[in-house]
Amino acid sequence: QVQLVESGGGLVQAGGSLRLSCAASGRTFSTYTMGWFRQAPGQERDFCAAISGRGGRTYYADSVKGRFTISRDTAENTVYLQMNSLKPEDTAVYYCAANHRSWGVTTGSSYDYWGQGTQVTVSS
């Protein structure tokens, strides 16, 4: 079992930055691909970014590439999402997720565990 707890969301003006954190329980954290997804009101949950178990590979949605950076600290069992140059369309609930496979990293159904989400609101 893996439990995930997100933090770091909030209200920020367009152009600003936020860093989301996801603290994971479990001694096998380093074996999981970790992902960030987001869901805006009335929309489906979309992939944002993912990072492989050892952090050697990162994946980004086109909509966030160049603005968001995913990283992980295996010693702290934490994954981060640094979000820069935020836009109003980035407003959503952001979810952290863990995937024990090495494939399907951009697909929500491939993930086994999910956090409760953290709200990010970007004002114009």
A.B. asks: What is the minimum heavy-atom distance between Ala49 and Leu81, and which atoms define it?
C.D. replies: CB-CD1, 4.1 Å
A.B. asks: Only pairs at least two apart or in different chains count here, so list each salt bridge (Lys or Arg N to Asp or Glu O under 4.0 Å) that has a residue in residues 66-89.
C.D. replies: Arg67-Asp90
A.B. asks: Sorted by first residue and then second, give each ring pair (Phe, Tyr, Trp, His ring centres under 6.0 Å) pair with at least one member in residues 36-67; sequence neighbours left out.
C.D. replies: Phe37-Phe47, Phe37-Tyr111, Phe37-Trp114
A.B. asks: For Tyr94, check side chain to side chain donor-acceptor pair (under 3.5 Å) against everything at least two apart and list the hits.
C.D. replies: Arg38
A.B. asks: May I ask you to test the Val120-Thr91 pair for a side-chain heavy-atom distance under 4.5 Å?
C.D. replies: no
A.B. asks: Can you list everything that forms a side chain to side chain donor-acceptor pair (under 3.5 Å) with Asp112? Sequence neighbours excluded, please.
C.D. replies: His100, Arg101
A.B. asks: So do Leu86 and Leu18 actually touch side chain to side chain, heavy atoms under 4.5 Å?
C.D. replies: yes
A.B. asks: For a 4.5 angstrom cut-off between non-hydrogen side-chain atoms, does Gln82 reach Phe68?
C.D. replies: no
A.B. asks: Taking C-beta and beyond as the side chain, do Val93 and Thr118 meet within less than 4.5 Å on heavy atoms?
C.D. replies: no
A.B. asks: Let me have the donor-acceptor pairs involving side chains of residues 3-10, under 3.5 Å, with sequence neighbours excluded, atom names and distances please.
C.D. replies:
residue, atom, partner, partner atom, Å
Glu6, OE1, Gln116, N, 3.0
Glu6, OE1, Gln116, NE2, 3.4
Glu6, OE1, Gly117, N, 2.9
Glu6, OE2, Cys96, N, 2.8
Glu6, OE2, Gly117, N, 3.3

A.B. asks: Hey, what do you get for SG (Cys22) to CD1 (Ile70), rounding to the nearest 0.5 Å?
C.D. replies: 9.0 Å
A.B. asks: Where do Ile51 and Val79 come nearest, in terms of heavy atoms and distance?
C.D. replies: CG2-CG2, 4.1 Å
A.B. asks: Show the nearest heavy-atom pair for residues Thr74 and Ser30, with the distance to one decimal.
C.D. replies: CG2-CB, 3.5 Å
A.B. asks: Walk me through whether Asp46 and Gln39 qualify under side-chain contact (heavy atoms from CB on, under 4.5 Å).
C.D. replies: CA-CA 6 Å; Asp46 291 330; Gln39 187 168 21; over 6 Å; no
A.B. asks: Can you measure from OG (Ser25) to CD (Gln1) and round to the nearest 0.5 angstrom?
C.D. replies: 8.0 Å
A.B. asks: Which heavy atom of Ala92 sits nearest a heavy atom of Ala40, and at what distance?
C.D. replies: CB-N, 3.8 Å
A.B. asks: If a pair satisfies side chain to side chain donor-acceptor pair (under 3.5 Å) and one of its residues is in residues 12-21, list it, with sequence neighbours excluded.
C.D. replies: Ser17-Asn84
A.B. asks: Ignoring hydrogens, what is the shortest heavy-atom contact between Tyr113 and Val2? Give both atom names and the distance.
C.D. replies: CD2-O, 3.4 Å
